[in-house]
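See below for the structure under consideration.
Bear in mind the structure is a predicted one, so any value in this text is a computation, not a measurement.
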Amino acid sequence: MSNNSASAIEAYLGAHRLTDRIAFVSGRAYAQPDRMKPHPEPLWRAATALKVAPEVCVCVCADR
């Protein structure tokens with residue numbers, strides 16, 4: 001999950017040979033800045049795509 005676009009995330013993953021380690025990419029909602037982090041909508045999309053309950057998910061945020 002990221003506030004970056006899905007295409008930007010996928011490019012990064014490809015450049016670092018990580019694509020095969022990621023099951024689902026949840027990028028920012030196009031033209032909907034109010035639905036970006038910390039809004040839970042990207043987490044809900046990821047949980048739905050992975051077929052898991054949101055309450056069993058953990059979000060790890062990193063700051064450079």
All N/O donor-acceptor pairs, side-chain side in residues 17-27, below 3.5 Å, sequence neighbours left out:
residue: T19; atom: OG1; partner: G14; partner atom: N; Å: 3.4
residue: S26; atom: OG; partner: P42; partner atom: O; Å: 3.1
residue: S26; atom: OG; partner: R45; partner atom: NH2; Å: 3.4

State, yes or no, whether a side-chain contact exists between C57 and V52 at a heavy-atom distance under 4.5 Å.
yes
CG/D34 to CD/E41 distance, rounded to the nearest 0.5 angstrom?
9.5 Å
Measuring from S2:OG to Y12:OH, what's the distance to the nearest 0.5 Å?
11.0 Å
Linked, directly or transitively: V56 and L43 (ILVMFWY side chains, under 4.5 Å)
no
